[in-house]
Amino acid sequence: MKNTIFLLVATMLLTVSCRNGNTQTTDNPQEPTFTISTKEGVSLLFKDGKPMIFGLVDVENEMSKELFLGSYNDSLLAVLMPTEASRSAINAYLVIDSPHTILFDAGIGADKGGRLLENMKNAELEPAEVTAVCLTHLHFDHIGGLLLDGQAAFPNATIYLSQEEYDAWGDGGTMAANNGLWKQVMEAYKGHIKTFSDGEKLFDGLVVAELAPGHTPGHTVYMVDGFCLIAGDLLHAQDLQLDYPQFCARYDMDPAQAVATRTSFFKNVCDNDQYFAGAHCYEHFINLRDRSEK
């Protein structure tokens, strides 16, 4: 069934880019070929012709310039963001690798205008097929979509998150004042929540979870199959922070740590010629090396 879904989606999508060895054509037959296909609300990243990762839009929005004031250089910010906002989004990502169907983050929820479930349907994906949801962190725009009418939106899924993030949002943790929604999620998925440690390999090694703190204490990114980083809230404004990671949105709990974390992961992804898939990027799959060479 899942192979049928992939073939159907592949025929529906319009190919917008193709890369050999991520960015360069090569005579080395062992270097993978990546293709990105897209239609409104849905992108699909192929590796060697095999569909690997869906990018799913939940909300298209903007990040206000005001969110970044005082974080680095306001004069430079005025030049880089001459308008009052920067294009942004709320995204989720989904990987199907039998027997796993893994969703990364879940958006704000349909009751608040989120379109994740709608765009999953457009991609011939059913919520009941999701076997795992990996959370980058527990802000409302990443966990709201776990609930539908107060019940589990993904009834067959186990929720995964870092132990550090789990502890921070407990009643005795640093984020306890804002944990009401998380408590509802825990009740809806009772008995189906798992925590992990930094560097842990998940789903038969397909996914590696890496702590990326600063935005929240246990903020986590996920490397999928060694070629795509599901990056959560490493950044909030693609056009600003990819070039100037020193800027922080007001949402970052520890700005200094967030800058250090962001800069480190940007370098790693670029050096290793991997894709960057941000929760708030308006492009689902960005090749940072390709971008830096333009």
Side-chain angles (χ1 to χ4, degrees), residues 2 52-56 58 90-109 114 116-117 120 125-148 151-170 173-175 178-179 181-234 261 265 277-280:
K2 289 172 182 176
M52 291 292 296
I53 308 176
F54 285 91
L56 300 161
D58 188 53
I90 299 173
N91 301 312
Y93 295 88
L94 190 140
V95 173
I96 300 179
D97 190 75
S98 184
H100 310 294
T101 300
I102 311 157
L103 183 67
F104 296 86
D105 287 337
I108 62 173
L116 173 60
L117 295 180
M120 285 182 64
L125 300 165
E126 295 296 331
E129 291 184 271
V130 175
T131 58
V133 181
C134 291
L135 299 174
T136 59
H137 62 296
L138 299 182
H139 281 156
F140 77 97
D141 55 332
H142 298 257
I143 67 171
L146 291 172
L147 300 176
L148 184 63
Q151 305 299 312
F154 305 97
N156 298 315
T158 296
I159 308 300
Y160 290 78
L161 73 160
S162 72
Q163 186 66 52
E164 288 82 354
E165 191 72 357
Y166 183 89
D167 292 342
W169 290 80
T174 55
M175 312 295 285
N178 300 304
N179 70 2
L181 178 58
W182 172 233
K183 285 185 174 182
Q184 294 177 46
V185 170
M186 285 195 293
E187 181 63 27
Y189 291 86
K190 194 172 184 178
H192 298 278
I193 296 175
K194 291 186 177 181
T195 60
F196 51 73
S197 57
D198 184 24
E200 192 164 333
K201 295 180 179 179
L202 307 173
F203 315 113
D204 305 312
L206 176 68
V207 174
V208 179
E210 300 180 69
L211 282 180
H215 181 60
T216 63
H219 181 262
T220 305
V221 297
Y222 299 91
M223 179 57 69
V224 177
D225 200 28
F227 71 88
C228 184
L229 188 74
I230 308 296
D233 282 15
L234 278 186
T261 297
F265 275 101
H280 296 292

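A distance of 12.0 Å separates OG1 in T195 from CG in L135, rounded to the nearest 0.5 Å. The CD1 atom of I193 lies 9.5 Å from the CD atom of E187; values are rounded to the nearest 0.5 Å. Note that the CD atom of E129 and the CD1 atom of I96 stand 6.5 Å from one another [nearest 0.5 Å]. Atom CG of L125 is separated from atom OG1 of T101 by 8.0 Å, given to the nearest 0.5 angstrom. The distance from the NE2 atom of H142 to the CG atom of D58 is 10.0 Å, given to the nearest 0.5 Å. Here CD of Q151 is found 10.5 Å from CD of Q184. Values are rounded to the nearest 0.5 Å.
Proximity of V224 to Y93: side-chain heavy atoms (C-beta onward) are nowhere separated by under 4.5 Å. Within the 4.5 Å cutoff, the side chain of V95 has no heavy atoms near those of the D225 side chain. For the pair D198 and E210, the minimum side-chain heavy-atom distance is below 4.5 Å.
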Item to check | Check against side chain to side chain contact (heavy atoms under 4.5 Å, CB included), I143 and I159 | outcome: CA-CA 10 Å; I143 67 171; I159 308 300; over 6 Å; no
Next on the checklist: Would I53 and F227 count as a side chain to side chain contact (heavy atoms under 4.5 Å, CB included) here? Give the steps.
Outcome noted: CA-CA 11 Å; I53 308 176; F227 71 88; 4.2 Å; yes
Item to check | M175 and N179: CA distance, side-chain angles, deciding distance, side chain to side chain contact (heavy atoms under 4.5 Å, CB included) verdict | outcome: CA-CA 7 Å; M175 312 295 285; N179 70 2; over 6 Å; no
Next on the checklist: Apply side chain to side chain contact (heavy atoms under 4.5 Å, CB included) to residues I102 and Y160 and explain how you reach the verdict.
Outcome noted: CA-CA 10 Å; I102 311 157; Y160 290 78; over 6 Å; no
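The backbone N or O of L138 lies less than 3.5 Å from a partner atom in the side chain of E165, making a donor-acceptor pair. Under a 3.5 Å cut-off, the side chain of D105 and the backbone N or O of T136 do form a donor-acceptor pair. A donor-acceptor contact shorter than 3.5 Å links the side chain of T220 to the backbone of G218. Side-chain atoms of N91 come within 3.5 Å of backbone atoms of G278 as a donor-acceptor pair (strictly under, hydrogens ignored). Between the side chain of T131 and the main chain of H100, no donor-acceptor pair closer than 3.5 Å is present. In this structure a side-chain-to-backbone donor-acceptor pair under 3.5 Å is missing from Y222 to C228.
Here the closest heavy-atom approach between residue D233 and residue H219 is recorded as N-NE2, 2.9 Å. When all heavy atoms are compared, the tightest approach of W169 to N178 is CZ3-O, 3.3 Å. Contact detail for A209 and L202: the closest heavy-atom pair is CB-CD1, 4.3 Å. Closest of all the heavy-atom pairs between P217 and A168 is CG-CB, 3.9 Å. Across every non-hydrogen atom of F196 and E164, the tightest pair is O-OE1, 4.4 Å. Residues F154 and A106 come closest through the heavy atom pair CE1-CB, 4.4 Å.
F140 CZ: 12 or fewer foreign heavy atoms inside a 6.0 Å radius.
Between W182 and Y166, the ring planes are perpendicular. Angles over 60° get that label, and only those under 30° would be called parallel.
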